[in-house]
Amino acid sequence: MAGNAPGRVYLGMSDIAALLRQIPLFRELDEGDLAPLAQATHSVSFGTDETIVEIGEPGHALFLITEGTVRVVYPSRTGDYELARLGPGDFFGEMALLNDKPRSATVRAVDPVQALALEKDVFRKAVRDAPRLALHLLEALSLRMRGADAQISDLSEQTLHDPLTGLLNRRAFQERVAQEVDRTHRYGRTFSLILLDLDGFKGINDTLGHDVGDEVLRWVGRLLAEHTRASDSAFRIGGEEFAVLCTDTGRETARYAAERLVGILAEAHPPLDHPLEVTMSAGYATCPVNGSDFMEIYAVADRALLTAKENGRNRVEDPW
Ligand code: CMP
């Protein structure tokens, strides 16, 4: 049996049938459909934190919760990721039974749980024989799928965005630039990469504190997001390092865009109590003229950015 051996609780057939009738999944079944299910069902109980179903194990039963709460989790190296919490009237453990694959997740009791365990073969037969049961099952599964879609979208938001500025992060940067390099080779397109770095940011952090530093970074993030074209993407790729990926953009337009961003920042004032001058230096590179893969393009733009720093900051330098 998956997880710990469940504590069986012996109940009479009519008690089990009465409990089954309270589970929404079975609510429209008539007595004829319910009787064989009640015969193949037994009542089980689990203690707090007990594992009821373990990911990867074969599935033998469907569980219908009559009391208590369970957590459905996806275990990972960094800990359990919670997929759902289920309570009285809910069921779990159907997936392994329906597709004959190992358990897709681990299910643990949050507090003492009472459940009904329904054997696999009887459950599968009931799904085949009772269209109303199959329909309720599909309704419940489609609700779960919507929940899972929303979770995936939230997660990808978190994994690709920088929480401080809301801009795309370094991981997204590497992915998107690699995609653009690929497009360039496949379809003969051109794109440019602008790298920007705040001037003297360490001084702001050291003299005014990290809260002010963070406020400046958020403000720069907003300005970059506002002043890039819809087809461009702005990233925060390091502490005070930013990047803008300009699709279908050649050298001259890239230079103009970089000058514009540096100019806008130099003229604007961060919304702080302290009068603070904030400037940026920038370098850029264009693919394929300055390089044909991510590393080359990045290195050329970075070299130009370093030159801008060496030449007095608050300026843009050309590649090479
Ligand atoms: P099964 O794969 O047999 O065992 C683990 C169970 O966790 C699975 O069936 C479902 O009942 C349940 N489960 C898996 N993913 C989710 C989810 N995203 N939301 C709710 N329940 C889930």
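Scope of the values below: all heavy atoms of this structure, side chains included, with no hydrogens, waters or symmetry mates. Counting starts at 1 for both ligands and their atoms, in listed order.
- For the side chain to side chain contact (heavy atoms under 4.5 Å, CB included) with Ile264, the qualifying choice from Glu259, His227, Met280 is His227, the only one to do so.
- The protein heavy atom nearest to atom 7 (O) of ligand 1 is Val72 CG1, 3.5 Å.
- No close placement of the Tyr81 and Tyr74 rings is indicated, their centers lying 6.0 Å or farther apart.
- The closest approach between Gly93 and ligand 1 falls below 4.0 Å for a heavy atom of the residue.
- Checking Thr165 against Arg218 by side-chain atom types alone, no donor-acceptor pair falls below 3.5 Å.
- Below 4.0 Å from some heavy atom of Val53 lie the following atoms of ligand 1, by number and element: 4 (O), 5 (C).
- Looking at Lys101, Arg71, Arg103 and measuring to atom 3 (O) of ligand 1, the nearest heavy atom belongs to Arg103.
- For ligand 1, the atoms lying closer than 4.0 Å to a non-hydrogen atom of Arg144 are 10 (C), 11 (O), 19 (N), 20 (C), 21 (N).
- Scanning Ala96, Ala61, Pro102, Ala140 for the heavy atom closest to atom 1 (P) of ligand 1 points to Ala96.
- Between Ala105 and ligand 1 there is a heavy-atom distance shorter than 4.0 Å.
- For ligand 1, the atoms closer than 4.0 angstrom to any heavy atom of Phe92 are 11 (O).
- For the residue pair Thr247/Arg229, the side-chain donor-acceptor check at 3.5 Å is not satisfied.
- Between the side chains of Ser281 and Asp197, no donor N or O sits under 3.5 Å from an acceptor N or O.
- Looking at Arg255 and Glu252, no side-chain N of the basic residue comes within less than 4.0 Å of a carboxylate O on the acidic one, giving no salt bridge.
- Counting only heavy atoms of the protein, atom 8 (C) of ligand 1 lies nearest to Ser104 OG, 3.6 Å.
- Atom 15 (N) of ligand 1 has its closest protein heavy atom at Leu83 CD1, 3.8 Å.
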Phe173 vs Phe294, ring-ring contact (aromatic ring centres under 6.0 Å, His included): CA-CA, chis, key distance, verdict: CA-CA 10 Å; Phe173 172 68; Phe294 172 83; 5.8 Å; yes
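- For ligand 1, one of its N or O atoms has an N or O atom of Glu94 under 3.5 Å away.
- The contact set between ligand 1 and Ala84, taken as ligand atoms under 4.0 Å from a residue heavy atom, comprises 19 (N), 20 (C).
- To the nearest 0.5 Å, atoms CE (Met295) and CD (Gln174) are separated by 9.0 Å.
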